[in-house]
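Contents: one structure, followed by commentary.
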Amino acid sequence: MCGILGLLLHDPTIDAASEICEGLSLLQHRGQDACGIVTGGPKGRFYQCKANGMVRDVFDKNAVARLIGGMGIGHVRYPTAGSSHHAEAQPFYVNSPYGIVFAHNGNLINTASLLHFMDADAHRHINTSSDSELLLNIFANNLQQTGKFRINEEDIFTAIGGLMEQCKGAYACVAMLAGFGIIAFRDPNGIRPLGMASRKAGSGKDWLFASESVVADASGFTDWEDVRPGEAVIITRSSVSRRQVSAPATFAPDIFEFVYFARPDSVLDGISVYRSRMAMGDALAEEVKRVLTEKNIEIDVVIPVPDTSRVAALNLAQALKLPYREGFIKNRYVGRTFIMPGQQMRKKNVRRKLNAMALEFANKNVLLVDDSIVRGTTSKEIIQMAKDVGAKQVIVASCAPPIRHSNVYGIDMPSRFELVAHGRTTEEIAEAIGADLVIFQTLPDLVASVRQFNPFITSFDCSVFTGEYVTGGVDAAYLDHLEQLRADNVKGKDIVGDVGVLEGKGGGGARDNASDHTVAVVTESHPVNGHDDTIGLHNTWKSN
């Protein structure tokens with residue numbers, strides 16, 4: 001996932017950077033690979049700092065002090081498509097037309113045709129393999145068509161409406177126009193989250209866009225409201241304009257936000273993440289009770305896999321009248337293993353992150369509750385840890401159904417063959433991860449657990465469970481292509497090949513001249529002559 005943020009302060013003499021930095025730290029769970037902030041200052045000047053790394057490491061006191069201006073946008077990322085260059089850290093920038101900065105959460109599914117359009121028709125250069133830069137250039141190209149010296153809100157709405165017709169997939173976006181204001185929009189299916197809030201400031205208001213409501217809560221913003229699917233919002237210091245710029249489509253927010261990604265203290269699309277996880281625990285308790293009765297197994301203790309599953313595990317234990325215990329102690333200075341690129345790195349970090357307490361496991365039948373089982377790497381290590389300290393039986397209960405399909409909308413579940421549930425029965429999954437038994441939440445129960453808090457949402461994107469993609473346009477050939485781009489063995493490297501992949505768009509990679517269009521993988525490029533390889537604006541990161 002990625003996290004995005006936009007902030008416009010009513011008083012242009014107050015710098016927005018420190019508050020954007022604080023907001024990004026609250027979204028750090030959504031991406032730990034890279035982060036960036038661009039602010040808009042006097043005379044339309046942009047100031048940028050972005051790099052690979054965590055928010056606390058990239059934005060020291062000096063870096064923040066150089067980010068001048070009362071409005072700005074920020075981004076935290078982990079790589080799904082594309083490489084891990086500093087140049088691919090967001091926000092992205094184009095100088096024409098007018099000066100635009102752009103940050104995006106999601107993933108496009110028609111990048112090949114859009115790249116061809118950029119090259120053949122728009123004649124705009126795409127310098128990285130990030131579809132976020134592609135989205136920005138589609139937006140910029142649509143604005144360019146006005147041919148005006150200065151644009152207005154009407155022109156921007158028209159440009160975003162055109163973008164939504166051209167771009168297929170999931171995208172929640174924030175943008176900033178030099179000397180103008182901040183803009184946000186969300187794809188017609190509303191797959192990725194985005195909301196807005198305001199705060200009284202003197203005679204006017206400060207305005208915030210963010211991926212999750214927790215940013216608004218922590219910064220004193222109120223009246224949180226979700227950006228609607230297919231809606232665009234433009235905020236300047238004198239006005240707020242909102243418009244539905246896309247034809248109605250099936251509203252289908254990603255259910256995995258509620259299962260795992262979002263913070264429990266956030267509210268997304270009118271649904272409390274915390275309450276939805278409580279409901280998941282209640283529903284899972286019924287399924288666990290049914291299966292355990294059928295198998296004639298008795299449980300001694302319920303233990304959550306920290307942290308995401310704690311809420312559900314506590315409700316499950318209460319519903320089954322079983323003791324709830326904290327059996328794993330977490331080292332809080334190691335990042336989320338799901339987000340770490342590379343299977344070996346994930347495996348190595350599980351035991352660095354968690355330590356099992358023998359007191360809670362020895363000679364007991366343990367029910368481990370986890371939010372989901374994705375690759376199975378973490379689950380296998382955790383189950384082995386429990387058995388190493390003396391657990392008699394380890395039964396795993398998952399708040400989510402088996403994940404058997406790729407996510408194409410911006411979550412790093414790239415290859416079907418990396419998913420432990422792909423092509424396996426429940427019994428085979430248990431064997432693969434070393435559990436004595438695995439119990440999965442049913443999909444109807446999961447959907448009901450979330451939907452009950454906002455009955456106006458009639459469907460969710462459940463593609464990782466069902467293989468049904470709400471946007472259409474996803475076939476076997478596309479999935480093969482995506483897996484090639486995002487597989488663990490090539491992540492962090494540039495991939496360039498024929499125009500159907502990303503020809504010449506690999507951020508400095510060598511061109512592949514093979515006649516069969518085999519994808520060429522080349523290692524990351526390095527700064528030349530001591531200069532940073534970040535594209536676009538001067539980058540204040542680690543500058544003197």
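Just so it is clear, the model here is predicted, and its values are computed rather than measured.
A cation-pi arrangement is present between Arg45 and Tyr47 under the rule of less than 6.0 angstrom and at most 45 degrees off the ring axis.
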**Report entry** Step-by-step side chain to side chain donor-acceptor pair (under 3.5 Å) determination, Glu88 to Ser130
**Finding:** CA-CA 7 Å; Glu88 297 214 356; Ser130 169; 5.1 Å; no

**Report entry** Working for side-chain contact (heavy atoms from CB on, under 4.5 Å), residues Arg237 and Met71
**Finding:** CA-CA 10 Å; Arg237 289 199 170 86; Met71 65 176 178; 4.3 Å; yes

Requested in this report: Kindly determine whether Ile37 and Val58 satisfy side-chain contact (heavy atoms from CB on, under 4.5 Å), including the steps that lead there.
Outcome: CA-CA 10 Å; Ile37 296 174; Val58 172; over 6 Å; no

Report task. Evaluate side chain to side chain donor-acceptor pair (under 3.5 Å) for Arg124 paired with Asn141, printing each intermediate quantity in order. Result -> CA-CA 8 Å; Arg124 297 184 73 93; Asn141 184 62; 4.8 Å; no

Requested in this report: Any chance you could lay out the side-chain contact (heavy atoms from CB on, under 4.5 Å) test for Leu5 and Phe209, step after step, and finish with the verdict?
Outcome: CA-CA 5 Å; Leu5 193 156; Phe209 293 118; over 6 Å; no

Requested in this report: Carefully, step by step, assess Phe59 and Leu67 under the rule side-chain contact (heavy atoms from CB on, under 4.5 Å).
Outcome: CA-CA 10 Å; Phe59 297 107; Leu67 296 172; 4.3 Å; yes

Requested in this report: Carefully, step by step, assess Ser238 and Thr236 under the rule side chain to side chain donor-acceptor pair (under 3.5 Å).
Outcome: CA-CA 5 Å; Ser238 59; Thr236 68; 3.3 Å; yes

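Every residue meeting the side chain to side chain donor-acceptor pair (under 3.5 Å) condition with Ser96, not counting sequence neighbours, appears here in chain and number order: Gln144. Looking at residues two or more places apart in sequence or on another chain, you find a salt bridge (Lys or Arg N to Asp or Glu O under 4.0 Å) between Lys148 and Asp155. Scanning for side chain to side chain donor-acceptor pair (under 3.5 Å) contacts around Thr13 gives Asp11, with sequence neighbours left out. Listed by chain and number, the residues in a side chain to side chain donor-acceptor pair (under 3.5 Å) with Asn189 amount to none (sequence neighbours excluded). With sequence neighbours left out, the side chain to side chain donor-acceptor pair (under 3.5 Å) criterion links Thr146 to Tyr98. Contacts of Arg451 classified as salt bridge (Lys or Arg N to Asp or Glu O under 4.0 Å), with partners at least two apart in sequence or in another chain: none. Looking at residues two or more places apart in sequence or on another chain, you find a salt bridge (Lys or Arg N to Asp or Glu O under 4.0 Å) between Glu212 and Arg30. A search for salt bridge (Lys or Arg N to Asp or Glu O under 4.0 Å) contacts involving Asp217 returns nothing, not counting sequence neighbours.
Under the 3.5 Å distance criterion, the side-chain polar atoms of Ser219 are matched with a main-chain donor or acceptor of Val215. Checked by atom type and distance alone, the side chain of Ser372 never pairs as donor or acceptor with a backbone atom of Ala400 at under 3.5 Å. Between the Asn95 side chain and the Gly99 main chain, no donor and acceptor come within less than 3.5 Å of each other. When atom types are taken as modelled, the side chain of Ser415 and the backbone of Phe417 share a donor-acceptor pair closer than 3.5 angstrom. Side-chain atoms of Gln28 come within 3.5 Å of backbone N or O of Gly31 as a donor-acceptor pair. At least one donor-acceptor pair closer than 3.5 Å links the side chain of Ser25 to the backbone N or O of Glu22. Checked by atom type and distance alone, the side chain of Gln32 never pairs as donor or acceptor with a backbone atom of Gly53 at under 3.5 Å. Between the His116 side chain and the Ala112 main chain, no donor and acceptor come within less than 3.5 Å of each other. Of the possible polar contacts, none joining the Asp15 side chain to the Gly70 backbone as a donor-acceptor pair under 3.5 Å is found. Of the possible donor and acceptor atoms, one in the side chain of His75 sits under 3.5 Å from a partner among the backbone N and O of His104.
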Donor-acceptor pairs under 3.5 angstrom involving side-chain atoms of residues 224-232: please list them, not counting sequence neighbours.
unit_1, atom_1, unit_2, atom_2, d
Glu225, OE1, Arg242, NH1, 3.1
Glu225, OE2, Arg242, NH1, 3.0
Asp226, OD1, Asp269, N, 3.1
Asp226, OD2, Asp269, N, 3.3
Asp226, OD2, Gly270, N, 3.4
Arg228, NH2, Glu231, OE2, 2.8
Glu231, OE1, Arg228, N, 2.9
Glu231, OE1, Arg242, NH2, 3.0
Glu231, OE2, Arg242, NE, 2.9
Glu231, OE2, Arg242, NH2, 3.3

In residues 173-181, what donor-acceptor pairs under 3.5 Å come from side-chain atoms, sequence neighbours left out?
none

For residues 463-474, tabulate all N or O donor-acceptor pairs below 3.5 Å that involve a side-chain atom, not counting sequence neighbours.
unit_1, atom_1, unit_2, atom_2, d
Ser463, OG, Asp461, OD1, 3.1
Ser463, OG, Asp461, OD2, 3.3
Thr466, OG1, Cys462, O, 3.2
Thr466, OG1, Glu468, N, 3.1
Tyr469, OH, Ser406, O, 2.7
Thr471, OG1, Tyr409, OH, 2.6

Under 3.5 Å, side-chain donor or acceptor atoms of residues 157-170 against the rest of the protein: list the pairs with distances, not counting sequence neighbours.
unit_1, atom_1, unit_2, atom_2, d
Thr158, OG1, Glu154, O, 2.9
Gln166, OE1, Asn142, ND2, 3.0
Lys168, NZ, Glu165, O, 3.3

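A salt bridge does not link Glu257 with Arg263: none of the charged nitrogens is closer than 4.0 Å to a carboxylate oxygen. Electrostatic pairing of Arg192 and Asp254 counts as a salt bridge here, judged by a charged N lying under 4.0 Å from a carboxylate O. Salt bridge status for Arg416 with Asp480: present, with a side-chain N to carboxylate O gap under 4.0 Å.
Note that OG of Ser132 is 7.5 Å distant from CG of Leu108, once rounded to the nearest 0.5 Å.
Between Phe46 and Tyr93, the two ring planes are perpendicular [angle over 60°; tilted spans 30° to 60°].
Between His405 and Leu419 the shortest side-chain heavy-atom distance does not fall below 4.5 Å. Counting heavy atoms from C-beta on, the side chains of Phe460 and Phe258 come closer than 4.5 Å.
Counted by atom type alone, Thr39 and Gln48 present zero donor-acceptor pairs between their side chains at under 3.5 Å.
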